[in-house]
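Notes to accompany the following structure.
The figures that follow rest on heavy atoms only: side chains count, while hydrogens, waters and symmetry mates do not.
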Amino acid sequence: MKILPVIALSLFMSGCANAQSTTTTAKLKIIGEPLPAISHITDMKISGDTLMFVFECEDGYGQRLLRRAIINSTNNTINISPDMGKREDGYYTSYMPYPFISDNGAIRVIGQDDCEIFSVENDTAFVRTRQYLMDSNSAVPFPLSQYVQDVYMTGSDKYVFIGREPNGGRQYAMTADLGTSKIDTIRQINISPLLQTWMPNAGEMVYSDKYNRLAFAYKLHPVVEIFDTNGNIIKSIKIGEDTFDTNTLDEADFETINILHTVDVTCTPDYIYALHWGCKYSDVENYAPTIYKIDWNGNIVDRYFTIPYPLYRIAAIDDSRLIGYNGKEFVTIKL
């Protein structure tokens, strides 16, 4: 199927150099444990040569599974582990595991349904730390759902994350201090005062410990916002044309009938990498994605148009290498 580049987006970028660079891609051969039929991957994180990825199976009824994989870029292989957090009795310690990297570089996992934090031992076992990012004893500024995303550890017992009000309410970049059991807001995440609830403001957040800054990339709007931990906007970067149709909010599938912009975002301490589609989900097989490389001051450093297949997820190994998932295979992307 022919892949069409979305070149028109370059007309709408602010603060962007004219750089347009090529990429070199290679598909990774899976070794180790076989994978079941994956419906989609919901998250990918990298620590060193280890990829952590969360996925749902085609017949999994919404359960999320976590695997770890060792990347060998020399041999173009990816060595897959068994399911993480699976107990000897066949049940799982968490049915909504979300991996994050601790402040000492160790891999940890949080249950997205109850905020319990686990350490990882013997590569795949979850061990309770007896800590919760948020529980009934936490001091919160307003009622919050226990579903959290985009968790980053910023110091001993200190975290940033995206939290939501219950029942489809607003979403916020937030801090958690486990030592004082206090949750506080950094800033509300919304594209405009007219769109307050979290669903039309869906997206993902990343964090740089080097700059102590966060970036949120909107899925339904062509905007990446960079802000500090006090909530001050450093820069709002526009990487496309406004396309969201507010009339679709009454539709149950409003996300699928709108054009999608940044569908995934990853980072290193120095750069943000935004995976931009510029098309509807139903058209993704016909369009080549664009990866934008942005520094933490909000300058678009480069754009990469030459990816020969669709991409659904990316994770940064370093400033010049990414891992991607194209819906069927893992691939390396050399920038």
- Message: Can you see whether Asp43 engages Gln149 through a side-chain donor-acceptor pair at a distance of less than 3.5 angstrom?
- Response: no
- Query: With side chains defined as the heavy atoms from C-beta onward, is the minimum distance between Met134 and Leu144 less than 4.5 Å?
  - Reply: yes
- Query: For Tyr172 and Phe142, what are the C-alpha separation, side-chain angles and deciding distance, and is it a ring-ring contact (aromatic ring centres under 6.0 Å, His included)?
  - Reply: CA-CA 11 Å; Tyr172 293 83; Phe142 38 75; 4.8 Å; yes
- Message: Under the criterion side-chain contact (heavy atoms from CB on, under 4.5 Å), I'd like the reasoning laid out for Val301 against Arg303: C-alpha separation, chi angles, the key distance, then a yes or no.
- Response: CA-CA 7 Å; Val301 177; Arg303 296 169 291 159; over 6 Å; no
- Hey, mind stepping through Glu204 and Arg313 against salt bridge (charged side-chain N to carboxylate O under 4.0 Å, His left out) and telling me if it holds? CA-CA 12 Å; Glu204 293 196 25; Arg313 288 286 169 184; 2.5 Å; yes
- Item | Pairwise side-chain contact, Ile307 with Ile291, heavy-atom cut-off 4.5 Å (strictly under) | yes
- Message: For Asp113 and Tyr147, which I'm curious about, is there any donor-acceptor pair between the side chains at under 3.5 Å?
- Response: no
- Note on the structure: Correct closest heavy-atom pair for Ile323 and Met44 would be O-CE, 3.6 Å
- Do NZ/NE/NH1/NH2 and the carboxylate oxygens of Lys182 and Asp177 come within less than 4.0 Å? no
- Task: Starting from the C-alpha separation in whole Å, work towards a yes-or-no answer on side chain to side chain donor-acceptor pair (under 3.5 Å) for Tyr211 and Asn297.
- Result: CA-CA 9 Å; Tyr211 290 94; Asn297 291 315; 5.6 Å; no
- Query: So which heavy atom on Asp228 is nearest to which on Ile186, and how close?
  - Reply: O-CG2, 3.6 Å
- Query: Are the side chain of Ser138 and the backbone N or O of Val140 linked by a donor-acceptor pair below 3.5 Å?
  - Reply: no
- Message: Taking Val148's backbone N and O only, do any of them form a donor-acceptor pair with Gln112's side chain (distance below 3.5 Å, no angle check)?
- Response: yes
- Is a side-chain donor or acceptor of Gln63 paired with a backbone partner of Tyr95 at a separation under 3.5 angstrom? no
- Message: I'd like to know whether Asp83 forms a side chain to side chain donor-acceptor pair (under 3.5 Å) with Tyr92, so could you lay out the CA-CA distance, the side-chain angles of the two residues, the decisive distance to 0.1 Å, and finally the verdict.
- Response: CA-CA 9 Å; Asp83 289 341; Tyr92 290 80; 2.7 Å; yes
- Message: Between Asn201 (side chain only) and Thr197 (backbone N and O only), is there a donor and an acceptor less than 3.5 Å apart?
- Response: yes
- Item | Minimum side-chain heavy-atom gap Arg108-Phe118 below 4.5 Å | no
- Message: Could you check whether Thr124 and Ser81, counting side-chain N and O atoms only, form a donor-acceptor pair closer than 3.5 Å?
- Response: no
- Got a sec, which residues hit ring-ring contact (aromatic ring centres under 6.0 Å, His included) with Tyr271, two or more places apart in sequence or on another chain? none
- Item | Under 3.5 Å side-chain donor-acceptor pair for Tyr287 and Lys280 | no
- Under a 4.5 Å cut-off applied to non-hydrogen side-chain atoms, are Ile117 and Val109 in contact? no
- Message: So Ile300 and Ile237, do their side chains get closer than 4.5 Å, heavy atoms only?
- Response: yes
- Message: Ignoring hydrogens and geometry beyond distance, is a side-chain donor-acceptor pair present between Asp302 and Ser21 at under 3.5 Å?
- Response: yes
- Message: Are Phe216 and Tyr218, when compared by the centres of their aromatic rings, separated by less than 6.0 Å?
- Response: yes
- Over 12 non-hydrogen atoms of neighbours within 6.0 angstrom of CG in Asp253: yes
- Message: Distance check, rounded to the nearest 0.5 Å: Asn72 atom CG versus Ile70 atom CD1?
- Response: 10.0 Å
- Task: Report yes if the distance between the aromatic ring centroids of Tyr312 and Trp277 is under 6.0 Å, otherwise no.
- Result: yes
- Item | Short side-chain to backbone donor-acceptor contact, Glu58 and Pro36, under 3.5 Å | no
- Item | Shortest non-hydrogen separation from Ala316 to Cys267 and the atoms involved | CB-O, 3.8 Å
- Item | Test log, rule salt bridge (charged side-chain N to carboxylate O under 4.0 Å, His left out), inputs Arg321 and Asp318 | CA-CA 5 Å; Arg321 293 181 299 156; Asp318 52 38; 2.8 Å; yes
- In terms of hydrophobic clustering (I, L, V, M, F, W, Y; side-chain heavy atoms under 4.5 Å; direct or indirect links), are Ile38 and Met84 co-clustered? no
- Spacing of Phe330 atom CZ and Ile80 atom CD1 [to the nearest 0.5 Å]: 5.5 Å
- Item | Validation row, ring centre Tyr292 to ring centre Tyr304 under 6.0 Å | no
- Of all heavy-atom pairs linking Thr77 and Leu28, the shortest is N-CD2, 3.9 Å
- Task: Can you measure from CG (Leu275) to CD1 (Ile333) and round to the nearest 0.5 angstrom?
- Result: 8.0 Å
- In terms of heavy-atom contacts, does CZ of Arg87 have more than 12 from other residues, nucleotides or ligands at under 6.0 Å? yes
- Item | side chain to side chain donor-acceptor pair (under 3.5 Å) evaluation trace for Gln188 with Gln196 | CA-CA 9 Å; Gln188 185 183 352; Gln196 289 285 318; 3.0 Å; yes
- Message: Taking Ala106's backbone N and O only, do any of them form a donor-acceptor pair with Ser102's side chain (distance below 3.5 Å, no angle check)?
- Response: yes
- Query: Has the side chain of Glu329 got a donor or acceptor atom that lies under 3.5 Å from a matching backbone atom of Asn326?
  - Reply: no
- Message: Using the ring-ring contact (aromatic ring centres under 6.0 Å, His included) criterion, which residues pair with Phe244? Sequence neighbours excluded.
- Response: His221
- Does the side chain of Pro200 reach to within under 4.5 Å of the side chain of Leu249, using non-hydrogen atoms? yes
- Message: Less than 6.0 angstrom from the centroid, inside 45 degrees of the normal: does Arg213 satisfy that with respect to the ring of Trp296?
- Response: no
- Item | Student check: side-chain heavy atoms of Tyr152 and Ile101 closer than 4.5 Å | no
- Message: So if I apply the side chain to side chain donor-acceptor pair (under 3.5 Å) rule between His261 and each of Glu241, His276, Lys219, which one comes out positive?
- Response: His276
- Task: For Thr23 and Lys334, indicate whether the former's side chain and the latter's backbone hold a donor-acceptor pair under 3.5 Å.
- Result: no
- Message: Quick check against the 3.5 Å criterion: does Arg187 have a side-chain atom that pairs as donor or acceptor with the backbone of Gly231?
- Response: yes
- Task: On the 0 to 90° scale, with breaks at 30° and 60°, tag the Tyr159-Phe100 ring pair as parallel, tilted or perpendicular.
- Result: perpendicular
- side chain to side chain donor-acceptor pair (under 3.5 Å) between Ser181 and Asn137, worked out: CA-CA 7 Å; Ser181 297; Asn137 297 318; over 6 Å; no
- Are Asp150 and Val206 side-chain neighbours, meaning at least one heavy-atom pair lies under 4.5 Å? no
- Query: Between the side chain of Tyr273 and the main-chain N/O of Ile294, is any donor-acceptor distance below 3.5 Å?
  - Reply: no
- Let me see the working for Ile189 and Ile162 under side-chain contact (heavy atoms from CB on, under 4.5 Å), right down to the final yes or no. CA-CA 9 Å; Ile189 302 294; Ile162 292 290; 4.0 Å; yes
